[in-house]
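This report concerns only the one structure given below.
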Amino acid sequence: SALTEADEHAEALITPALQRLRPDWPVVAEEAFAREGAATAGRVFWLVDPLDGTREFVARNGEFTVNIALVVGGRPRLGVVHLPVPDRLFAGLAGVGAWQVRGGHREAIRARPQPAGGAVVACSRAHGDGPAMEDWLRGEKVAAQTPAGSSLKFGLLACGEADLYPRFGRTMEWDTAAGQAVLEAAGGSVCSLAGQPLRYGKPGVEIPHFVARGAPAAGG
């Protein structure tokens, strides 16, 4: 993918700050991984995408994010997804809850059950998932599709502005961990197409195709 100076500058700020916060927790960051290869993550580690949505950043549409997740035992337990341009931030902590901060105002957020009229589907703005997504959506009741860049799609589900985010393109662990942590803390879910939870800190960093959903229906 395209690499901008912003990726490396952001990582150079984030990584030392996390290391100062907890020197005993390794930091796995996208650009360092690209330069140096695999790192031993351990049971607890930070997972960082310093600039998710490089195409959105280059296009100046404001839909790029900074993603920081804390992974514990292969699962993202804490996540922060920040959109610097509109200054909107999503955060979530497992077992505690999820929030967004917008315009200096912090509010708790919850994913919503899918409306009776059908799902609002958050889809990638820059990476079309093609026929596979079209085929999968035939099995869903869809009211509308809303294109969005980067991990913003997880945030839209977490705050109840969308209901489904199916992903059939190539993604890496740093692309999804923070957003998954936020969405799950807000009552949503992220699973592979086979219904299995996504795992982090694997020997390979590629994520299988997945579906993110809002809250389950009452009694579901």
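Computed from heavy atoms alone, side chains included, the values below leave out hydrogens, waters and symmetry copies.
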* Distance-only, no hydrogens or angles: does the Thr146 side chain make a donor-acceptor pair with backbone N or O of Ala162 under 3.5 Å? -> no
* To do: Calculate, to the nearest 0.5 Å, the distance between atoms CD and OG1 belonging to Glu56 and Thr65 respectively.
  => 9.0 Å
* If you measure from CD1 on Ile207 to NZ on Lys202, what distance do you get to the nearest 0.5 Å? -> 4.0 Å
* To do: Report, as yes or no, whether the 6.0 Å neighbourhood of atom CZ on Arg112 holds more than 12 heavy atoms from other residues, nucleotides or ligands.
  => yes
Listed pairs under 3.5 Å, donor-acceptor, residues 80-96 side chains, sequence neighbours left out:
| from | atom 1 | to | atom 2 | distance (Å) |
| --- | --- | --- | --- | --- |
| His82 | NE2 | Asp87 | OD1 | 3.4 |
| Arg88 | NE | Gln100 | OE1 | 2.8 |
| Arg88 | NH2 | Gln100 | OE1 | 3.1 |
| Arg88 | NH2 | Glu161 | OE2 | 2.9 |

* Could you tell me whether a side-chain N or O of Asp52 sits under 3.5 Å from a main-chain N or O of Val66, the two making a donor and an acceptor? => no
* Less than 4.0 Å between a side-chain N and a carboxylate O, is that true for Glu140 and Arg213? -> yes
* Can you tell me how far CZ of Phe64 sits from CG of Asp49, rounded to the nearest 0.5 angstrom? -> 12.0 Å
* To do: Could I get the full list of ring-ring contact (aromatic ring centres under 6.0 Å, His included) partners for Trp46, not counting sequence neighbours?
  => Trp25
* Donor + acceptor pair across side chains of Thr176, Tyr200 (<3.5 Å) -> yes
* Are any of the side-chain heavy atoms of Phe154 and Val190 separated by less than 4.5 Å? -> yes
* Output field: ring centroids Phe168/Phe210 closer than 6.0 Å -> no
* Asked: Please walk me through it: do Glu173 and Arg199 pass salt bridge (charged side-chain N to carboxylate O under 4.0 Å, His left out)?
  -> CA-CA 9 Å; Glu173 291 187 3; Arg199 305 297 297 182; over 6 Å; no
